[in-house]
Amino acid sequence: MDKTPLQQLFPSVREVPEAHRLHEPIHQRVSVLDGELVPWSGECRPVLSPVCLRQPDGSVRQAEIGSVPVMGVAQSDQALAAAVRAWDHGRGEWPTLRTAQRITCMQEFIGRMAAQRELVVRLIMWEIGKSLADARKEFDRTVEYVEATIAALKDLDNDGSRFVQAEGFAGQIRRTPLGVVLCMGPYNYPLNETFATLIPALLMGNTVVFKPPQYGTLLFAPLLEAFARSFPPGVVNTIYAPGSLVVPRLLASGQVNVLALIGSSRTADHLKKQHPKSHRLRAVLGLDAKNAAIVLPDADLDLAVRECVAGALSFNGQRCTALKMLLVHRSIVQPFLQRLGAAIDALKIGMPWDEGVQITPLPGPHRSAYMDEALRDAQEKGAQVLNAGGGEACVTLVRPALVYPVREGMKLYREEQFGPLVPVADFEDVEEALQYVVTSEHGQQVSLFGSDPAQLGALIDPLVNQVCRVNLNAQCQRGPDVFPFAGRKDSAEGTLSVTDALRAFSIRSMVAARQTGANTRLLDAIVEQHHSRFVHTSFLF
Ligand code: G3H
């Protein structure tokens, strides 16, 4: 790893390459309400970048890249009221629109969104410190996700374009929307993970109140007009207010039908309890995770190290799917650590726009402080940082640290570090590694590295009942997006994927009739004369 002092990795204003500058700060002064961009003249807060700028006196300071509104309960009440009106007990324009027309609106939205790619990508870099390559990937993957969701919706709709006959009854079954969805995404994939719930929610005919994450707010500014222009009034409404102030209140209103949250299980538990009739609230949650890698004695070490580095440190370890604990068989732990240390040392640390950069600044100094706290805790309890300079920090930039041996009782053993710390523990009997997963509060994924089919097979069986994806000789990850993305225990509620998300934001409803001559004629007439938007047999291509 480049051993340049971290402070010097931050550029001065003039050293920021022309192509990646934010020439002007972006002062967002509008929100989307009832199909309009409503101006805001109240309190605002500055948006600080994870990227620090070197000052003439040599000190470094987080760049101020703009500001966003700090709204209150009055505005969030208005946003909710607009979504409730647009839903109108399921009788609103959007929930009753034909699927084809909803798709047209969404396609218009994607067109407008695509036109903002460059600015949104730049804002992802500056606002959350994601590398340029990953920011582009996030944007493009999101557009592909929307397109794939539209294709899946057509299939779903076509599947419902027929009558099912049983026991003398004929029924038409279709998926229908649930109502008002409160949508909140995370800072690490602000665009992708927010849209992974927001888009299917909209396509199914729900109306939405959308609160951007605290870090990763400004990057939605270029998309607000697209939201306002692409959908009927009230279908998408944004709120810019402290979550702790407005979100419990939104739920306490009893008017939110679906909580779509990618965040912490603690927050999710608290919020769900606010709803006066919790059985009416559907929750689609992506929560905490502490995915482990289990490296067996016969693993291909080069491959395991490569996957573990990518799994633990892509985007500085700030992925819910990141490998956050490496469990390595004692017989190979030393060569594994040596190779892992060398691979970590070879990572490029720098600014998001630097070619080939892998380690970039964290969202704020509070995250560096947590890394330091977790590292000290491990060191006090007997672990060591094996790579030179690991854990060194300057404001928001933290050198990745390889920490060994990490044991029960250390923060790093159980807490989700969500940052560039790579804890390793060894085991003698594979049952110890299995017990780590069994006793974990989390249940998202696991990675298994090995080559003996009998041993891998024997581990897969208990592991698939502990987590929702076992990755063989590969890091943990969410994609491909058609695969089900789910979790057990504190890791998730509900399943997301291109097709599952459409199901998550809808419920089957049906029209059924006894198959008498009169009823058959009646249904025929409804279909042939297009009297219903629900009862029809037309096909979407
Ligand atoms: O932060 C959680 C993301 O859903 C992980 O997605 O595995 O594609 O990085 P990923």
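For ligands, and for the atoms within them, numbers begin at 1 and follow the listed sequence.
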Can you give each donor-acceptor pair under 3.5 Å made by side-chain atoms of residues 282-289, sequence neighbours left out, with the distance rounded to 0.1 Å?
residue : atom : partner : partner atom : Å
R282    : NH1  : R503    : O            : 3.4
R282    : NH1  : A504    : O            : 2.8
R282    : NH1  : S506    : O            : 3.0
D288    : OD1  : S265    : N            : 2.9
D288    : OD2  : S265    : OG           : 2.6

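Comment: K137 does not engage E144 in a salt bridge, judged by the lack of any side-chain N to carboxylate O separation of less than 4.0 angstrom.
Evaluation of the salt bridge (charged side-chain N to carboxylate O under 4.0 Å, His left out) test over residues 189-202, restricted to residues two or more places apart or in two chains, returns E193-R478. Listed by first then second residue, pairs satisfying ring pair (Phe, Tyr, Trp, His ring centres under 6.0 Å) with a partner in residues 117-142 read W126-W353, not counting sequence neighbours.
Listed by chain and number, R141, N188, Y189, E193, R319, C320, T321, Q477, R478, F485 each place a non-hydrogen atom less than 4.0 angstrom from ligand 1.
With F315 as the aromatic partner, K130 meets the cation-pi criteria of under 6.0 angstrom to the ring centre and within 45 degrees of the ring axis.
Side chain of K290 to backbone of L323: no donor-acceptor contact under 3.5 angstrom is found.
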